[in-house]
Amino acid sequence: VSKAGVLRFPGTNCDRDVFEALETKGRNPEWIWHADQFDSKKYDALFLPGGFSYGDYLRSGALAARAPAMKSVREAADRGVPVLGICNGFQILCEAGLLPGALVRNRGLRFIDDWVSLKLANSNSAFAKKSARGAQARLPIAHADGRFVVEDDALKKLQDNGQIWWQYEANPNGAAADIAGVMNEKKNVAALMPHPERAMFDWMGGTDGEGFFE
Amino acid sequence: MNACKVGRYVMLDLPGEDEKASMAAAKEMAEFVLHNPLIETYELERL
């Protein structure tokens, strides 16, 4: 059975949810501790869960992005291993330079806890080629720093290369081009602000998150 | 009001007497983690 690595930083708090989502889908998850480097060939996929790594001090994801385990994540990403970042994981991947752009304070300056409707902009990522409802998904968001920003020329590059992954139907946070999720150029590193691990069963309010962990 | 700027103030206490070396060390930290060039700029000042 293929192994999926789930990273844990001080302050990560969606780690158990992601771990169980992977177990639900028959994957074989294993914890990866932030202070440890690991063999980049050991895992078939890597997951960076949400939370508040290092209490969001300095900038969201900034300190986690420089943790020893991220050296190994970078090596794995370079080798083409699929890497998925969720919420704080998205912020970490941007801070690490594995994804373009940055995530800054929401336009309305408030933390938003809500469900959002998303449309799939490009289906070429290693994760969730299609959700249960095709090119649409309804997922929860919970973030204060979710406004995706990127320089104009870099945004054009994202559009031209098909690196925009998911877009908000109704932009909740002021993100550039309604972006909820992006991919790297090779499409093996992908991340989104919404939480698919919180939409795995009907009792959670929806099941559109399932496809992200298959 | 013509402008309003919100920033972060980071005070470093560095060992050693060599100002040039200390400023170089501070610059290295600013470049490595203390600022994100996409969304922030920084200035260094000796106190």
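Proteins get letters first, then strands, A, B, ... in listed order; numbering begins at 1 in each.
Here the closest heavy-atom approach between residue Arg8(B) and residue Arg59(A) is recorded as NH2-CG, 3.6 Å. Between Leu38(B) and Ala102(A), the shortest heavy-atom contact is CD2-N, 3.5 Å.
Considering only heavy atoms from C-beta on, Val33(B) stays 4.5 Å or farther from Glu95(A) through its side chain.
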Please tabulate, for side-chain N and O atoms in residues 153-160 of chain A, each donor-acceptor pair with protein atoms closer than 3.5 Å (sequence neighbours left out).
residue, atom, partner, partner atom, Å
Lys156(A), NZ, Asp160(A), OD2, 2.7

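Counting non-hydrogen atoms of neighbouring residues, nucleotides and ligands closer than 6.0 angstrom, the NZ atom of Lys119(A) exceeds 12 such neighbours. Counting non-hydrogen atoms of other residues, nucleotides and ligands closer than 6.0 Å to CD of Glu30(A) gives a total above 12. No more than 12 heavy-atom neighbours from other residues, nucleotides or ligands sit within 6.0 angstrom of OH on Tyr57(A). Asp152(A) CG: 12 or fewer foreign heavy atoms inside a 6.0 Å radius.
Contacts of Val104(A) with chain B are made by side-chain atoms alone, with heavy-atom separations under 4.5 Å and no backbone atom involved.
Taking 4.5 Å as the heavy-atom cut-off, the residues of residues 60-93 of chain A that approach chain B are Ala62(A), Leu63(A), Arg66(A), ordered by number.
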